[in-house]
J.: 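Here's a structure for you.
Numbered from 1 within each chain, the chains take letters A, B, ... in sequence-line order. Only heavy atoms go into these numbers, but all of them, side chains included; no hydrogens, no water, no symmetry mates.
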2 protein chains.
Amino acid sequence: MPNEHEYGYFTEADSAEVVVARNKNAESERLKQVMEVITRKLHEAVKEIEPTQDEWLRAIFFLTETGQICNEWRQEYILLSDVLGVSMLVDAINNRKPSGASESTVLGPFHVAGAPELPMGADICLDRKGEPMFVHGRILDTEGRPIANAKIDVWQANDEGFYDVQQKGIQPDFNLRGVFRTGADGRYWFRGVKPKYYPIPDDGPVGKLLGALGRHPNRPAHLHYIISAEGYDTLTTHIFDPDDPYIDSDAVFGVKKSLLAEFRPVDDAQAAAAVGLAAPYYDVGFDFVLSRAKQRDAAAA
Amino acid sequence: MPNEHEYGYFTEADSAEVVVARNKNAESERLKQVMEVITRKLHEAVKEIEPTQDEWLRAIFFLTETGQICNEWRQEYILLSDVLGVSMLVDAINNRKPSGASESTVLGPFHVAGAPELPMGADICLDRKGEPMFVHGRILDTEGRPIANAKIDVWQANDEGFYDVQQKGIQPDFNLRGVFRTGADGRYWFRGVKPKYYPIPDDGPVGKLLGALGRHPNRPAHLHYIISAEGYDTLTTHIFDPDDPYIDSDAVFGVKKSLLAEFRPVDDAQAAAAVGLAAPYYDVGFDFVLSRAKQRDAAAA
Ligand SMILES: [Cu+2]
Ligand SMILES: [Fe+3]
Ligand SMILES: [Fe+3]
């Protein structure tokens, strides 16, 4: 005997099944699957929360305002995804690495394509502002062998927590950005300034939500890297300052334990001179391990 | 020994716990609870779907566009809630009735406050367009006793599926709307026209989604009611035409089995004259049962 939901009639108990059954003619199996999961989890959430009509309407308004504040340079829905940990989860799912390879984290909105390729050792700080920093390490494969001709695209905020693109006319173009290529030893090194933590935009609906949740909008100080080499999976990641006041509370959950670097203060004029800086400076050493393209396929299988 | 997520460091396995732990200082326990459920269900969904970065970005754009099409007369997020069955679920959760009471359904966007109070039997069709319909029934309590002085606020689309407010200047103001009050016998009756199915707005992101899901945007023909009486729970509901082509596939899942009426064709000049109409006409009889305010509290307890 057919029951109510086979006719498409709504019941509270079968609410998700009634909706999902309606999508049987979806244009693709993938869309059908995605909407089945979204519908089921959404109905589970509503049944667990039991929102009042007023709470439901406040959620409708929140979602509406989150869309309406978006424009060509502001993407509030990505921010929402970020502060709910969804961006990091999607990154993790799409970048599972074999054991021993460096972990990824989110790209963030401040990458600029076409940063200048610089000679190894160059100073990416173009305005001599902030505390000098020497960054170095190796690009290795999972057997610990150096990777030659790896491309290292690095970018960072300045000592006040701003990227060049946020301060056009104040910072020089391409300040604190550079592209480097490893030689046969797989080593990289360059000079910059110690970055500072910075807030994500918090003057919109997502910032209000963070405030209501008793959360701050800050990301702990970090350096961004995209490291690529032929035959290896491209690695998009950051390294973090473990002494940053927000290291345990990154607003977007980008910190992974394996990505904590050490920003070691060095007050030794001879050491400073050897790396082309004045003392005191910060020494940051960090090796990255790339997975082979085929290793990743094997891990996914 | 503290583990990574106590420090707030992200791991794929503990992703939801890491995020939820961050909300411990939320401004209210209710907000903390709501965000805990939303975060957990959202992460469960992402883990089950395993979206690609591109799929994630398409979802971001969909949510953004759904907000951006909203304006003072268009609320696309309510439409999204409607077509995912969420509006009906929230309605059901907030309007659980004791056994024997009439079921609710969603209010919809076309109710107008301040419709004229009319003498029982009035014709709410002001432009003589469409197939005449006689609607009648009783307002009862759960013991089957008539409720006197019940207020019946009724509104409907016309024979082309449009409400007056959608056709200002074409339909007269307050066409197919009226407010009636029962006498001691609890009976109501009025004249109108047989309503037609109509589409929800489908020229936006939600309409595109419906199309991709192989779904039409139509709502089967119905009459809207808000019925209120002192000492009883206000009932917001529809009654539906079971012969409508979309009765089993209401785009917003508003149909409940108990809300199927009968639109009985009558081709009898004498019967028609008795109700002030010309034959043929449709006869629609439907009784509503209101729950006492305290009965509802008992059901909820
Ligand atoms: Cu009848
Ligand atoms: Fe950054
Ligand atoms: Fe309607």
J.: Taking atom types as modelled, is there a side-chain donor on A:Asp250 or B:Tyr9 under 3.5 Å from an acceptor on the other?
T.: no
J.: Please look at B:Leu259 and chain A and tell me whether the side chain, the backbone, both or neither of the residue comes under 4.5 angstrom of a heavy atom of that chain.
T.: neither
J.: A side-chain contact here means heavy atoms from C-beta on lying under 4.5 Å apart; do B:Arg22 and A:Leu213 qualify?
T.: no
J.: Looking at chain A, which one of B:Lys32, B:Arg30, B:Glu76, B:Lys47 has the largest number of heavy-atom pairs inside 4.5 Å, strictly under?
T.: B:Arg30
J.: To check you understand the geometry: which heavy-atom pair defines the closest contact between B:Glu48 and A:Lys41, and what is its length?
T.: OE1-CE, 3.8 Å
J.: With chain B, which of A:Ala212, A:Gly254, A:Ala45, A:Gly67 has the greatest number of heavy-atom pairs at distances under 4.5 Å?
T.: A:Ala212
J.: Which region of B:Glu55, side chain (C-beta onward) or backbone (N, CA, C, O), has a non-hydrogen atom less than 4.5 Å from a non-hydrogen atom of chain A, or is it both or neither?
T.: side chain
J.: A:Gly211, A:Pro51, A:Ala59: which one forms the most heavy-atom pairs within less than 4.5 Å of chain B?
T.: A:Pro51
J.: Where does B:Met35 contact chain A at under 4.5 Å (heavy atoms): side chain, backbone, both or neither?
T.: side chain
J.: Using 4.0 Å as the upper bound for N to carboxylate O, is an ion pair formed by B:Lys256 and A:Glu12?
T.: no
J.: Is there a side-chain contact between A:Asn95 and B:Gln53 (heavy atoms, below 4.5 Å)?
T.: yes
J.: Heavy-atom cut-off 4.5 Å, strictly under: side chain, backbone, both or neither for A:Gln75 against chain B?
T.: side chain
J.: Report the C-alpha separation of A:Val46 and B:Val86 in whole Å, then their side-chain angles, then the decisive distance to 0.1 Å, and conclude whether the side chain to side chain contact (heavy atoms under 4.5 Å, CB included) test is met.
T.: CA-CA 8 Å; A:Val46 172; B:Val86 170; 4.1 Å; yes
J.: Please check this pair: side chain of A:His43 against backbone of B:Leu89, looking for a donor-acceptor N/O pair closer than 3.5 Å.
T.: no
J.: Identify the heavy atoms of A:Phe10 and B:Gly85 that sit nearest to each other, and give their distance.
T.: CE1-O, 3.9 Å
J.: Under 4.5 Å, counting heavy-atom pairs only, tell me which of A:Leu57, A:Thr64, A:Thr52, A:Thr39 racks up the most with chain B.
T.: A:Thr64
J.: Please check if the number of heavy atoms outside B:Arg58 that lie under 6.0 Å from its CZ is greater than 12.
T.: no
J.: Quick one: do A:Arg40 and B:Glu44 make a salt bridge, cutoff under 4.0 Å?
T.: no
J.: Any donor and acceptor pair, going by atom type alone, linking the side chain of A:Gln68 with main-chain N or O of B:Cys70 inside 3.5 Å?
T.: yes
J.: Looking at A:Ser28, A:Ser87, A:Gly214, A:Ala26, which one has more heavy-atom pairs under 4.5 Å with chain B than the rest?
T.: A:Ala26
J.: So, for B:Tyr77 and A:Leu63, which heavy atoms are closest and what is the spacing to 0.1 Å?
T.: CE1-O, 3.5 Å
J.: With a 4.5 angstrom heavy-atom cut-off, could you sort out which part of B:Leu42 is near chain A: side chain, backbone, both or neither?
T.: side chain
J.: Verify side chain to side chain contact (heavy atoms under 4.5 Å, CB included) between B:Phe253 and A:Ser15, making sure each step is shown before the conclusion.
T.: CA-CA 9 Å; B:Phe253 303 96; A:Ser15 65; over 6 Å; no
J.: What part of B:Glu103 gets closer than 4.5 Å to chain A, counting heavy atoms only: side chain, backbone, both or neither?
T.: neither
J.: Can you tell which part of B:Ile69 gets under 4.5 Å to a heavy atom of chain A, answering side chain, backbone, both or neither?
T.: neither
J.: So, the side chain of A:Arg215 versus the backbone of B:Asn23: is there a donor-acceptor pair under 3.5 Å, distance only?
T.: no
J.: Under 4.5 Å heavy-atom distance to chain A, tell me which part of B:Leu209 shows up: side chain, backbone, both or neither.
T.: side chain
J.: Return the CD to CD1 distance between A:Glu50 and B:Ile93, rounded to the nearest 0.5 Å.
T.: 5.0 Å
J.: Sort B:Thr66 into side chain, backbone, both or neither according to what part of it lies under 4.5 angstrom from a heavy atom of chain A.
T.: neither
J.: Under 4.5 Å heavy-atom distance to chain A, tell me which part of B:Ala13 shows up: side chain, backbone, both or neither.
T.: neither
J.: If I measure from the heavy atoms of chain A, does B:Val83 come under 4.5 Å with its side chain, its backbone, both, or neither?
T.: backbone
J.: What part of A:Leu260 is in contact with chain B, defined as an atom under 4.5 angstrom from a non-hydrogen atom: side chain, backbone, both or neither?
T.: side chain
J.: Is there a side-chain contact between A:Ile49 and B:Ile38, using heavy atoms and a 4.5 Å cut-off?
T.: yes
